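Order of the sequence lines fixes the chain letters, A, B, ..., with proteins taken first and strands second; residue numbering starts at 1 for each chain. Small disclaimer: the values here were computed from a predicted structure and weren't measured.
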There are 2 protein chains.
Amino acid sequence: MSDQPHPKRNRPPSMHDVARLAGVSQTTVSFVVNNVTSVAISQETRDRVWAAIHALGWRPNAMARSLRTRHSQTLGLISDEVVTSPYAVRMILGAQEAAWANRQMLLVVNTSGRSDIEQTALQFMLERRVEGLIYATMYHHEVTPPADLKLVSTVLVNCFVADRSLPAIIPDEVQGGYTATEALIRRGHRRIAFINEIIPMPALFGRLEGYRRALADYGLPVDPTLVRSCHSNVRDAFTVTRELLEYTERPTAIFCFNDKMAMGAYDAIKRMGLRIPQDVAVVGFDNLELIAAQLYPPLTTVALPHYEMGRRAVELLQSLPAGESLPPIQHYIPCPLIERASI
Amino acid sequence: MSDQPHPKRNRPPSMHDVARLAGVSQTTVSFVVNNVTSVAISQETRDRVWAAIHALGWRPNAMARSLRTRHSQTLGLISDEVVTSPYAVRMILGAQEAAWANRQMLLVVNTSGRSDIEQTALQFMLERRVEGLIYATMYHHEVTPPADLKLVSTVLVNCFVADRSLPAIIPDEVQGGYTATEALIRRGHRRIAFINEIIPMPALFGRLEGYRRALADYGLPVDPTLVRSCHSNVRDAFTVTRELLEYTERPTAIFCFNDKMAMGAYDAIKRMGLRIPQDVAVVGFDNLELIAAQLYPPLTTVALPHYEMGRRAVELLQSLPAGESLPPIQHYIPCPLIERASI
DNA sequence: AGGAATTACTAATTGGTTTTAACAGTAGCA
DNA sequence: TGCTACTGTTAAAACCAATTAGTAATTCCT
């Protein structure tokens, strides 16, 4: 029966095993490993301990350590569809890299928008005692997250709650719209059309507001006939663009709600024998690499700061002294202009 | 000094707190929570325990449980750039959903191709006693992962080691190339060009092999002048396509190494006044939604089974009885044809 | 010899799981 | 009636792998 006198079963070595091999107590091993300065340990002992550690291939058990120290060193990330989306994933990368910089790990769950998964995911994360939670969505919109979210420090990313009672990190749609419009104005354009999304959402209102403010700031009138709406797809944008270009006094620049619509605008402009950007300049929104960079000419567009939002969310959580709760500030992250060749 | 007689400090309630409130031992609480059948507990006691649990809002501490049971219920995922890539992320989704189905959580680290991060990430995961590890890459290629990978059950995804000593889940490039070519043959095409990648990689050889086999199986000759290579970008593909179409006996179909190149082929075909698919059929590879579905006509292409590969990797890890190691089988996952309108 | 400094250990703690034991009540049986 | 055997119920205690407060044994220095 007693066939293994040395280590028990087939388990990774513990600090205790190291201590036995080095001929010291487990406490000493812990002190050596953690470089504790409050207790003096001779160099000779330290060397012996490290030798034993390497001999056994010991490495700390994070669960035991976390249990004792009450620090799980993990953050949770619950998203609806971010992992699925081709561009919003950079948010996860931003969060993960910021966590990494702090030696924290990221637990990721994608709920596919199902509230039962969302609920369970939250419970799992609470059981794992995450030290902070990011609740993110693919599209910028209002949400009503599960109530238990209040049990842990949470930051919303790309979404917000109606009463603004939770801190949120959201793209500055107004500034984005402003930046796009301003870039066109600075290139000398005076008749700038805006093809907006038609389904109500924060981006729709924000970008329109930015468009208006930019025109106002530069003393240009807002011509209502130049502000159009359609569904966010290539075909509808194509149609609307053609209509815009048939105006007797046609616009010299078009700001599209997103890159897909810019793709439709490109088609229409080329079909009418006009050149980009000489005859009509185009600015998009979203910076979908696969579209924006591949179009001819490459599309100047405004980027959604996904990476930055993920990073900021984690940094916000990390900045929090233990036990305190985050102030429900809504952080607006600027959307940078990505200049290519379409304006 | 003694201002809090009931619970200690400001920490989440423990099983002990529940036991005290319910007037039973901690053991009993554990039995009730885990529905242990080997020990009988009266219904009255169970109710009291559950009442106490709800009153305190207790939930298990996963770290304590994992420590005792030696089951961390977590899997690790180390990738080079998967999180960054617009399409390979579906691999993470597949892995996460499969893990979820087994009540496991996924720890994700993106190394950005840096081996120091890779090394540290692996150590972190070993410290957290992950029950399995997925080592994934964005592009299908050979890798030399850190040696410590052998300390935990590992599955490679979208990559492989030179000596095939680790189980790997990789796309079946040969079948993918075969499928694409076969689809064209079945539509009656006899002169099928293949624009291949020029940088040596498994996909290059595999897809070419599939192309050849399909032609052979249907009794068609392989015309070397129809097999061209160029760098995987729109411009070069455009050039090569134009050259192909200038042949006196021009091909009636083009199989492109990937969707980006198909985009270039589209441009060339349209520029020469030919129609897709009536005059020239096109098949791509990768199924980049943003390109393939947006092109006109929508591109028929072969999809890389990222989701499926992620899922299979996790299922492989889960299928493993404790203590055993996975056989180093190379699993080839089929690449399905996504039919749209370009053939 | 007494006190401080150095060095390392014992034991408590973290929040659970699980084995073993204890105890009360009841039935079986001589 | 008295003893054993069992059953249903709960508790005690060991254990998981670490951290850390408290303490003890040496050595060094006056």
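Looking at the side chain of B:Phe31, the nearest of the listed nucleotides D:dT19, C:dT18, C:dG16 is C:dT18. Closest to the side chain of A:Arg11, out of D:dA11, D:dA17, C:dT18, is D:dA17. Closest approach to the B:Trp58 side chain among D:dT19, D:dC16, C:dG16 is made by C:dG16 (side chain taken as heavy atoms from C-beta onward). Among the nucleotides C:dA8, C:dG16, D:dA11, the one closest to the side chain of A:Thr45 is C:dA8. Out of D:dT19, C:dA8, D:dA12, the shortest distance to the side chain of A:Ile41 is found at C:dA8. Taking the side chain of B:Val24 as heavy atoms from C-beta on, and the options D:dA17, D:dA11, C:dC9, the nearest nucleotide is D:dA11. Side-chain proximity of A:Thr27 to D:dT20, C:dT17, D:dA11: nearest is D:dT20. Closest contact between the side chain of A:Ser14 and the listed nucleotides D:dA18, D:dA13, D:dA21 involves D:dA18.
Terminal axes of the helix from C:dA1-D:dT30 to C:dA30-D:dT1 (five pairs each, C1' rotation axis) are separated by 70°, to the nearest 10°.
Within the 4.0 Å cut-off from OP1 or OP2 of C:dT13, not a single side-chain nitrogen or oxygen of A:Arg68 is found. Phosphate proximity of C:dA8 to A:Thr28: absent, as no side-chain N or O sits under 4.0 Å from OP1 or OP2. For A:Asn61 and D:dC16, the shortest distance from a side-chain N or O to OP1 or OP2 is not below 4.0 Å. Neither OP1 nor OP2 of D:dA17 sits under 4.0 Å from any side-chain N or O of B:Arg129. One finds no side-chain N or O of B:Ser30 lying less than 4.0 angstrom from the OP1 or OP2 phosphate oxygen of C:dG16.
Rounding to whole angstrom units, CZ of residue A:Arg48 and P of C:dT7 are separated by 13 Å. Rounding to whole angstrom units, CE of residue A:Met63 and P of C:dT17 are separated by 14 Å. Here C:dG15 presents its P atom at 7 Å from CG of A:Leu67, a figure rounded to the nearest Å. One atom, CD of A:Glu127, and another, C1' of C:dG15, lie 13 Å apart when rounded to the nearest Å. Rounded to a whole Å, the CD atom of B:Gln26 is 21 Å from the P atom of D:dT9. A:Met15 places its CE atom 16 Å from the P atom of C:dA8, with the value rounded to the nearest Å.
Below the 3.5 angstrom threshold, one finds no donor paired with an acceptor across the side chain of A:Ser38 and the base of D:dT20.
Below 30°, between 30° and 60°, or above 60°: for B:His140 and B:Phe160 the angle between ring planes is above 60°, a perpendicular geometry.
Summarising the local packing, CZ of B:Arg164 is surrounded by more than 12 heavy atoms from other residues, nucleotides or ligands at distances under 6.0 Å.
Residue order along DNA chain C, read from the 5' end via each residue's closest nucleotide, puts B:Arg59 first among B:Arg59 and B:Val39.
Residue-level contact check: B:Ser42 touches the backbone only, with heavy atoms under 4.0 Å from sugar-phosphate atoms and none from bases.
A donor and an acceptor atom, one from each side chain of B:Asn110 and A:Glu97, are nowhere located under 3.5 Å apart.
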